[in-house]
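Structure record follows, encoded as structure tokens.
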Amino acid sequence: QKEVEQNSGPLSVPEGAIASLNCTYSDRVSQSFFWYRQYSGKSPELIMSIYSNGDKEDGRFTAQLNKASQYVSLLIRDSQPSDSATYLCAVNPMGRDDKIIFGKGTRLHILP
Amino acid sequence: GAGVSQSPSNKVTEKGKDVELRCDPISGHTALYWYRQSLGQGLEFLIYFQGNSAPDKSGLPSDRFSAERTGGSVSTLTIQRTQQEDSAVYLCASRLGPTNTEAFFGQGTRLTVV
């Protein structure tokens, strides 16, 4: 079983709508969760971190964590063409020292 | 420094040559990570350092790959006898410390083996 799984996409969302990106992980005792955005040809850029169950909001972005169901999601409100990128989910499993494991990413395409 | 710095940005090398890639982490960050990203692929974990020690080297693809970190700061990833399949972007990230801190990436080194 893959440790961090994401739908590869592409996920196409109309401009102004809400984009919903999902991620599941296999290590039940994982502690830290991150969302990165990666534009083509660029390095990953941290968008959100979340460490406890529930929602965390930052501007147009909301991260949601459900440890019981082992999933973490990212919502992007009022999607803009500039949000078109690959979104990487990353997990820091407990007991694995500081190793950070990445999913393969979901390609998001915002339709103008 | 203000961010994670990697050098060189681009490296073209002939098959069979050795290369060294450098990462200068954010000042004060004790954890440092190396990943590899082939074209159109996800991030492949290579190795990480906590201080100068490497608790997890499980991702190094072969014994041609090695890494070190000195003074708890700069890290060097060395690839010996490069092969064409080593062509990729090599990304470095650093993190303040243990769990519940965020990792930040450098701009990467694009390695092309011809």
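So you know, we letter chains A, B, ... as the sequences are listed, proteins then strands, and number each from 1.
- Side-chain heavy atoms closer than 4.5 Å link hydrophobic residues (I, L, V, M, F, W, Y) into clusters, and following such links, possibly through other members, connects A:Ile110 to A:Trp35.
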**OP:** Just do the ring-ring contact (aromatic ring centres under 6.0 Å, His included) check on A:Phe102 and B:Phe105 with the steps written out, would you?
**Re:** CA-CA 13 Å; A:Phe102 283 80; B:Phe105 282 87; 5.8 Å; yes
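- Across A:Tyr36 and B:Ala103, no two heavy atoms sit closer than the pair OH-O, 2.6 Å.
- In the hydrophobic clustering of ILVMFWY residues, with side-chain heavy atoms under 4.5 Å counting as a link, B:Leu111 and B:Leu60 come out together.
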Original post:
Between B:Glu102 and A:Ile100, is a side chain to side chain contact (heavy atoms under 4.5 Å, CB included) present by the stated rule, with each step listed?
Top reply: CA-CA 10 Å; B:Glu102 298 166 338; A:Ile100 301 177; over 6 Å; no
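- Linking ILVMFWY residues whenever their side-chain heavy atoms come closer than 4.5 Å, directly or via other members, places A:Leu65 and A:Val4 in the same cluster.
- For A:Ile50, no part lies under 4.5 angstrom from a heavy atom of chain B.
- The hydrophobic clustering, which links ILVMFWY residues whose side-chain heavy atoms are closer than 4.5 Å, places A:Ile76 and A:Leu11 together.
- A 4.5 Å side-chain heavy-atom check between B:Gln37 and A:Gln38 finds at least one atom pair inside the cut-off.
- Annotation for B:Glu14: atom CD does not count as buried by contact number, only 12 or fewer foreign heavy atoms lying within 6.0 Å.
- Of all residues spanning residues 38-47 of chain B, those with a heavy atom less than 4.5 Å away from chain A's heavy atoms are B:Gly42, B:Leu43, B:Phe45, arranged by number.
- In the hydrophobic clustering of ILVMFWY residues, with side-chain heavy atoms under 4.5 Å counting as a link, A:Phe61 and A:Phe33 come out together.
- Taking all atoms of both residues into account, the shortest heavy-atom contact from B:Tyr48 to A:Lys99 is CE2-N, 3.9 Å.
- Chain B forms more heavy-atom pairs under 4.5 Å with one residue of A:Ser49, A:Gly105, A:Pro44 than with any other, namely A:Pro44.
- One N or O on the side chain of A:Ser43 and one on the backbone of B:Gly106 form a donor-acceptor pair closer than 3.5 Å.
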